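Every value quoted in this text rests on a predicted model; they were computed, and no experiment measured them. Numbering of ligands and ligand atoms starts at 1, following listing order. All residue numbers in this chain count up from 1 along the given sequence.
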Amino acid sequence: MHPLDLPFTRTRHDRAARRRAETDVVEASLADPAARTLVLHRGLLAVAGTHVPTAALLAPVGLPAGQWLFLGEHDGAPCLALVLPDGAEQELPPGADAWLGLREVARGAGAVSGAGSGGQSGGQPGPDAVADADAEVLAHGLAVEAVALAGWHRTHARCGRCGGPTTAVQGGWARYCPVDERETYPRTDPAVIMAVVDDADRLLLGHAAAWPAGRFSTLAGFVEAGESLEDAVRREVAEESGVQVGSGPGDVLYRGSQPWPFPASLMLGFRARATTTAVRTDDEEVTEARWFTREALLAAVTAGDVGLPGRQSIARALIEEWYGGELPGAW
Ligand SMILES: [Zn+2]
């Protein structure tokens, strides 16, 4: 199987981790006239462009006070994020048109690439379109990094050991507690998400208690402490659907990963082989689990009886990989 091509995973920039140890990495970056900055406030990004909003890459001059994060470099120019304090309302920085969440930005980008691939009558995209797409990937990759890092700072102002205040160091890539003389680093919470397929090549999808009627997606859940990814896949599928996943070679196949910084998840996608088909949901997280043939899923989606996850999600990619092509409709 080819690797999945997943939204949220394309990047153009270099994280330039070697520079984080420079004590003045932020100050040195701000002094560079080529530096570019994303601005965040209350988890939202300052975006530019009203038709297809993209995270705005602004010159870091004349911006309000806030926390600076070093994101890396692109073509030798530093890339930063400025996180404005949560407390007060903030004016949009010059050059930005709106505050928007990362998911909404991703949705806009997906709409554009979809329109381009469907409507054109052949031919290559022009150089402007390529440059625009490159700029969009650069901005989006930086935005995913910035949202994830800013989210960690938001909830880790205090030391996990002594409870005392910590300060950001290493360009925002660590927090330091002076009492314990200890650094802590940004957290990422691994979650497994899986396309469970039985020996008749049917796909298992679940409906979560919290969702509107008709919404179905792949099963998923967080990896527990001290647990392997393969065991997490088997446990989550059994808990949520009652279906057993095999423990033989190739029964749990890794397919790709996607950062999902809402607030700190890393989605690890798998294809899993079911060895049983009887369904029994936990009725708490998942209230319905159903096997679909390709024909039945296409018919249900086309009729509007089933809504599938959005095109920016790894769940969608796993479903469409099993299906063998694009499916219509998304919530
Ligand atoms: Zn401490």
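- No side-chain heavy atom of Leu92 sits under 4.5 Å from any side-chain heavy atom of Asp97.
- For the side chain to side chain donor-acceptor pair (under 3.5 Å) test with Thr166, the passing option among Arg182, His153, Arg175 is Arg175; the others fail.
- Distances from the Zn ion (ligand 1) under 2.8 Å pick out these protein N/O/S atoms: Cys159 SG, Cys162 SG, Cys177 SG, Asp180 OD2.
- Between Arg234 and Asp251 no salt bridge is recorded (no basic side-chain N to carboxylate O distance below 4.0 Å).
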Worked check of side-chain contact (heavy atoms from CB on, under 4.5 Å) between Asp231 and Arg235
CA-CA 6 Å; Asp231 279 347; Arg235 177 184 52 76; 5.9 Å; no

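- For the pair Leu308 and Arg316, the minimum side-chain heavy-atom distance is below 4.5 Å.
- By the 4.5 Å heavy-atom criterion applied to side chains, Trp322 and Leu297 are counted as neighbours.
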